[in-house]
Amino acid sequence: MNKLLVISLFSLTLFFGGCYYDNEEALYPGTTCDTTSPTYQLTISPIISANCLSCHAGNAPSAGLTLSTYEQVKSAVQNKNLQNHIMQQNGFSIMPPSGQMTNCKIDQLNSWVAAGMPN
């Protein structure tokens, strides 16, 4: 077999074999997820900052949806199907596009919504 072909196949195997999304919950078992008394400032804002603002902020936000403030996030939950996107439900595409958030972050968001979305 041609050496170049063998090296190429080996390189591709290493490259694609090394590409995966780590699951935080699987990597760090036993960590607790605090879903008690979530607020926008302490719980939701850091989640949105880490997972959404790279696309949904600034002068030309993706899909015309800005998630930079409490009011914008609250409105997105009420009117823009934010939870359906985050949980990939009801035919909505997954957000963020890099892969689903951890179950803990989703649970925190759902607890925040159930608590009336306190600031």
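Below, all heavy atoms of this structure are taken into account, side chains as well, without hydrogens, waters or symmetry copies. Heads up: numbering here begins at 1 and tracks the sequence.
- Once rounded to the nearest 0.5 Å, the distance linking CD of Gln83 with CD of Gln78 reads 10.5 Å.
- The closest side-chain heavy-atom distance from Trp112 to Ile47 is not below 4.5 Å.
- Identified under the side chain to side chain donor-acceptor pair (under 3.5 Å) test for residues 33-47, with sequence neighbours left out: Asp34-Thr36, Gln41-Asn119.
- Side-chain atoms of Asn81 and Asn90, non-hydrogen and from C-beta on, never get closer than 4.5 Å to each other.
- Formation of a donor-acceptor pair under 3.5 Å by the His56 side chain with backbone atoms of Ser62 is found in this model.
- A side-chain donor-acceptor contact under 3.5 Å links Ser111 to the backbone of Asp107.
- Interatomic distance, CE of Met101 versus CD1 of Ile94, reported as 8.0 Å (0.5 Å rounding).
- Atom SG of Cys33 sits about 4.5 Å away from atom CD of Gln108, to the nearest 0.5 Å.
- No single ILVMFWY cluster, assembled from side-chain heavy atoms under 4.5 Å apart, contains both Leu109 and Met95.
- For the atom pair Asn51 CG and Thr102 OG1, the distance stands at 8.0 Å (nearest 0.5 Å).
- Taking SG of Cys52 as the start and CD1 of Ile86 as the end, the distance is 5.5 Å to the nearest 0.5 Å.
- Applying the ring pair (Phe, Tyr, Trp, His ring centres under 6.0 Å) rule to His85 yields the partners Phe92; only residues at least two apart in sequence or on another chain are considered.
- In terms of heavy-atom proximity, Thr66 sits nearest to Ala57 at CG2-CA, 4.3 Å.
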